[in-house]
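Worth saying up front: this structure is predicted, and the values here are computed from it rather than measured. Per chain, numbering begins at 1; letters A, B, ... match sequence-line order.
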Number of protein chains: 2
Amino acid sequence: MYSDVLFVDKNGKPSRAVASDPNLELSERVRNAFNQHARPFHDGAVILLENDECHSVFCVLEGWLSLSKSLDEGQTQIIDFALPGDIVDPAAADGITSSVSIEALTDGSLAAMPYASWERMTAEWPELHRHEHRLKGADQARRAERMLRLGKGTAEMRVAYALLEFCIRLGTVCDGGTPEFHIPLTQQQLGDFIGLSSVHVCRTMRRMVRNGILEMTDHMNIKVLDGDGLAQLAAVDRRALKGEILPARA
Amino acid sequence: MYSDVLFVDKNGKPSRAVASDPNLELSERVRNAFNQHARPFHDGAVILLENDECHSVFCVLEGWLSLSKSLDEGQTQIIDFALPGDIVDPAAADGITSSVSIEALTDGSLAAMPYASWERMTAEWPELHRHEHRLKGADQARRAERMLRLGKGTAEMRVAYALLEFCIRLGTVCDGGTPEFHIPLTQQQLGDFIGLSSVHVCRTMRRMVRNGILEMTDHMNIKVLDGDGLAQLAAVDRRALKGEILPARA
DNA sequence: CGGGCAGAATGATTTAAATCAACATGATAC
DNA sequence: GTATCATGTTGATTTAAATCATTCTGCCCG
């Protein structure tokens with residue numbers, strides 16, 4: 001019954017990840033503009049299909065989206081997730097064709113801004129332009145980190161990195177304390193994200209639990225017991241990663 | 001002895017890929033601005049290191065660059081290649097830290113434009129702003145296609161896709177006729193690009209040669225005998241891919 | 001309440017690709 | 001000319017992960 005909340009802690013209360021709005025740093029006029037283009041979506045909804053025409057830039061206001069691509073034989077790779085505050089421009093080089101499919105992983109809402117409006121907005125509001133640029137940098141850094149592990153990392157490294165990435169993006173305290181969060185994904189979907197079979201995702205996470213790195217409750221309610229151990233498995237410097245994939249808050 | 005030329009055909013003459021300047025579609029004032037920031041680089045030169053500070057946007061004027069990331073144990077993943085006309089902004093979310101290492105694969109030259117200058121240029125010249133946007137779309141589409149195959153594709157699919165991508169990016173005629181081009185990469189580097197060992201790259205390409213899909217001469221001089229076969233192995237629609245990863249020429 | 005179902009856990013087997021090893025080729029250096 | 005080195009080729013072996021198969025769990029629904 002997580003379909004209509006984003007994150008819950010082990011007691012079922014919304015965690016601070018949902019409490020803080022990542023768009024808050026933006027001025028009211030920008031947020032108003034977003035709200036004027038807002039529309040709700042539901043868990044499982046298909047927002048856009050790969051290769052379809054797309055005429056808008058999206059900003060996630062609430063909920064999780066997945067950006068994915070599939071092969072004919074039905075195999076899917078999740079390219080990225082879009083979380084609240086993220087801006088998604090799926091267009092390929094022609095400016096029209098979407099390079100990914102966009103699907104809702106939870107209930108939520110997004111702002112769909114036609115290209116013309118979007119260009120006007122970014123031209124008019126430098127803060128929005130800067131914000132978009134920072135988010136693009138975060139996107140690029142995140143995807144490059146994942147590509148590195150997709151090409152060269154072990155299963156353990158891929159899982160560990162993905163969990164750390166979630167941990168950082170959700171804004172859960174990740175240095176000191178024991179971060180705890182929920183990800184609205186099945187093991188199959190997590191596998192589609194990091195290029196592993198669901199079976200192998202399961203085994204790998206179980207092993208981490210046995211080794212005292214994690215604790216898992218319900219479906220994908222994750223508590224990081226040993227952050228340093230996890231970072232070591234992921235082969236990342238947590239502090240540096242945070243700077244690279246989290247747009248600096250004003 | 002390919003270190004100082006970009007592409008040569010089987011006779012050693014420069015191919016049309018080097019003959020046509022991808023920046024030609026830009027106005028003279030933009031090209032002049034690029035030329036004012038131009039500086040040469042040499043095969044093997046390290047332009048920038050992952051995690052270093054970076055204060056410029058780069059535009060490749062001539063030659064090939066690789067954008068890569070490495071694990072501590074020395075394993076490298078090439079995230080993308082930058083070819084003449086490509087714009088590279090390596091900054092992560094903080095706007096300063098580079099998310100990739102940049103190295104020269106051939107001799108060539110690039111324009112390094114400090115962020116301040118770059119922002120002035122894009123603000124002043126809408127054509128440049130549009131051009132940058134198209135290139136970002138191409139980038140995104142390309143990387144997503146590769147991620148899909150990195151996560152879900154066989155060795156054969158990865159190699160075939162990479163070759164098709166080169167074929168399209170180099171602007172060699174890819175429908176009808178037999179495209180032919182040179183890539184300034186070792187099998188090791190090609191493997192680092194598509195997440196395979198050099199040995200497996202070798203075997204896979206040999207098999208393609210045996211099956212009459214390709215012909216290879218010298219080091220990485222490639223002739224595509226059966227473009228349709230190659231596209232089928234890569235699981236792509238060549239026409240569609242072209243639209244997605246090639247910025248439309250005016 | 002029991003049946004049906006999606007997701008998860010876990011053992012057994014297969015397979016694609018890595019690794020190891022040996023050798024070939026061509027370029028450069030001495 | 002010969003030594004050296006990087007690259008490519010090919011065979012043999014190992015290994016990480018996929019696949020197949022079964023059982024378990026909690027959940028929704030008639």
Side-chain angles (χ1 to χ4, degrees), chain A residues 1-4 10 12 43-44 71 73-77 105-106 149-160 162 182-211 214-222 233, chain B residues 1-5 8 12 43-44 71 73-77 105-106 149-162 182-211 214-222 233:
Chain A
M1 210 296 237
Y2 291 126
S3 60
D4 54 352
K10 62 174 173 183
D43 186 7
L71 293 171
E73 306 99 60
Q75 297 173 103
T76 297
Q77 173 71 37
L105 296 171
T106 68
R149 286 165 183 83
L150 212 45
K152 297 279 136 95
T154 62
E156 200 161 53
M157 187 182 290
R158 297 187 210 184
V159 171
H182 172 74
I183 31 183
L185 302 173
T186 63
Q187 295 183 341
Q188 174 69 54
Q189 289 168 319
L190 184 51
D192 286 344
F193 182 49
I194 56 185
L196 295 175
S197 69
S198 60
V199 174
H200 208 60
V201 168
C202 179
R203 282 190 224 281
T204 308
M205 292 185 79
R206 277 292 120 214
R207 181 149 24 96
M208 287 178 178
V209 170
R210 273 199 303 279
N211 294 345
L214 301 178
E215 208 167 88
M216 289 172 60
T217 57
D218 294 326
H219 281 207
M220 294 281 149
N221 237 333
I222 290 162
L233 291 181
Chain B
M1 209 294 240
Y2 291 127
S3 61
D4 55 352
V5 289
V8 289
D43 186 6
L71 293 171
E73 307 98 62
Q75 298 174 101
T76 297
Q77 173 71 36
L105 295 172
T106 66
R149 286 164 183 83
L150 212 43
K152 298 281 135 99
T154 62
E156 199 161 54
M157 187 182 289
R158 298 186 210 184
V159 171
Y161 173 79
H182 171 74
I183 32 184
L185 300 173
T186 63
Q187 294 182 344
Q188 175 68 55
Q189 289 168 319
L190 184 53
D192 286 344
F193 183 50
I194 56 186
L196 294 176
S197 70
S198 61
V199 175
H200 208 59
V201 168
C202 179
R203 281 190 223 283
T204 308
M205 292 185 80
R206 279 290 121 215
R207 184 150 22 97
M208 288 179 178
V209 170
R210 272 199 304 279
N211 294 345
L214 301 179
E215 208 169 89
M216 289 171 61
T217 57
D218 294 324
H219 282 207
M220 294 282 150
N221 236 334
I222 290 161
L233 291 181

Under-4.0 Å side-chain N/O to phosphate OP1/OP2 contact, B/Gln188 with D/dG8: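 Checking B/Gln188 against D/dG8: no side-chain N or O falls below 4.0 Å of OP1 or OP2.
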For [X], which contact category applies under a 4.0 Å heavy-atom criterion: base, sugar-phosphate, or nothing?
| X | value |
| --- | --- |
| B/Arg206 | sugar-phosphate |
| B/Thr154 | sugar-phosphate |
| B/Gly195 | sugar-phosphate |

Under 3.5 Å: donor-acceptor pair, side chain of A/Gln77, backbone of A/Phe193: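 Side chain of A/Gln77 to backbone of A/Phe193: a pair is present.
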How close or far is atom [atom2] of [N] from atom [atom1] of [X], stated in whole angstroms?
| X | N | atom1 | atom2 | answer |
| --- | --- | --- | --- | --- |
| B/Leu150 | C/dA17 | CG | C1' | 14 Å |
| A/Asn221 | D/dG26 | CG | P | 15 Å |
| B/Gln187 | C/dT25 | CD | C1' | 13 Å |
| B/Ile183 | D/dT7 | CD1 | P | 15 Å |
| B/Met205 | D/dG8 | CE | P | 9 Å |
| B/His219 | D/dT9 | NE2 | P | 8 Å |
| A/His200 | D/dC20 | NE2 | P | 16 Å |
| B/Ile194 | C/dA17 | CD1 | P | 11 Å |

State which of [options] makes the closest approach to the side chain of [X].
| X | options | result |
| --- | --- | --- |
| B/Val199 | C/dA8, C/dT19, D/dA18 | C/dT19 |
| A/Leu196 | D/dT7, D/dA17, C/dA18 | D/dA17 |
| A/Thr186 | C/dA17, C/dA9, C/dG7 | C/dG7 |
| B/Ala155 | C/dG7, C/dA17, D/dC20 | C/dA17 |
| A/Cys202 | C/dT19, C/dT10, D/dG8 | C/dT10 |

At less than 3.5 Å, do the side-chain atoms of A/Arg203 and the base atoms of C/dG11 form a donor-acceptor pair?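 Such a pair exists between side chain and base.
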If every non-hydrogen atom of B/Leu150 is compared with every non-hydrogen atom of B/Arg158, which pair is closest and at what distance?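 Scanning both residues completely, I find the closest heavy atoms to be O-NH2, 3.6 Å.
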Work out which heavy atom in A/Met208 is nearest to a heavy atom in A/Leu233; give both atom names and the distance.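 Here A/Met208 and A/Leu233 meet closest at CE-CD1, 3.9 Å.
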Kindly compute the distance separating CG (A/Leu185) from OG1 (A/Thr106), expressed to the nearest 0.5 Å.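 Reported to 0.5 Å precision, the distance equals 10.0 Å.
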Determine whether A/Met205 and A/Ile222 make a side-chain contact, defined as any pair of heavy atoms from C-beta on separated by less than 4.5 Å.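 Yes; the side chains approach each other to less than 4.5 Å.
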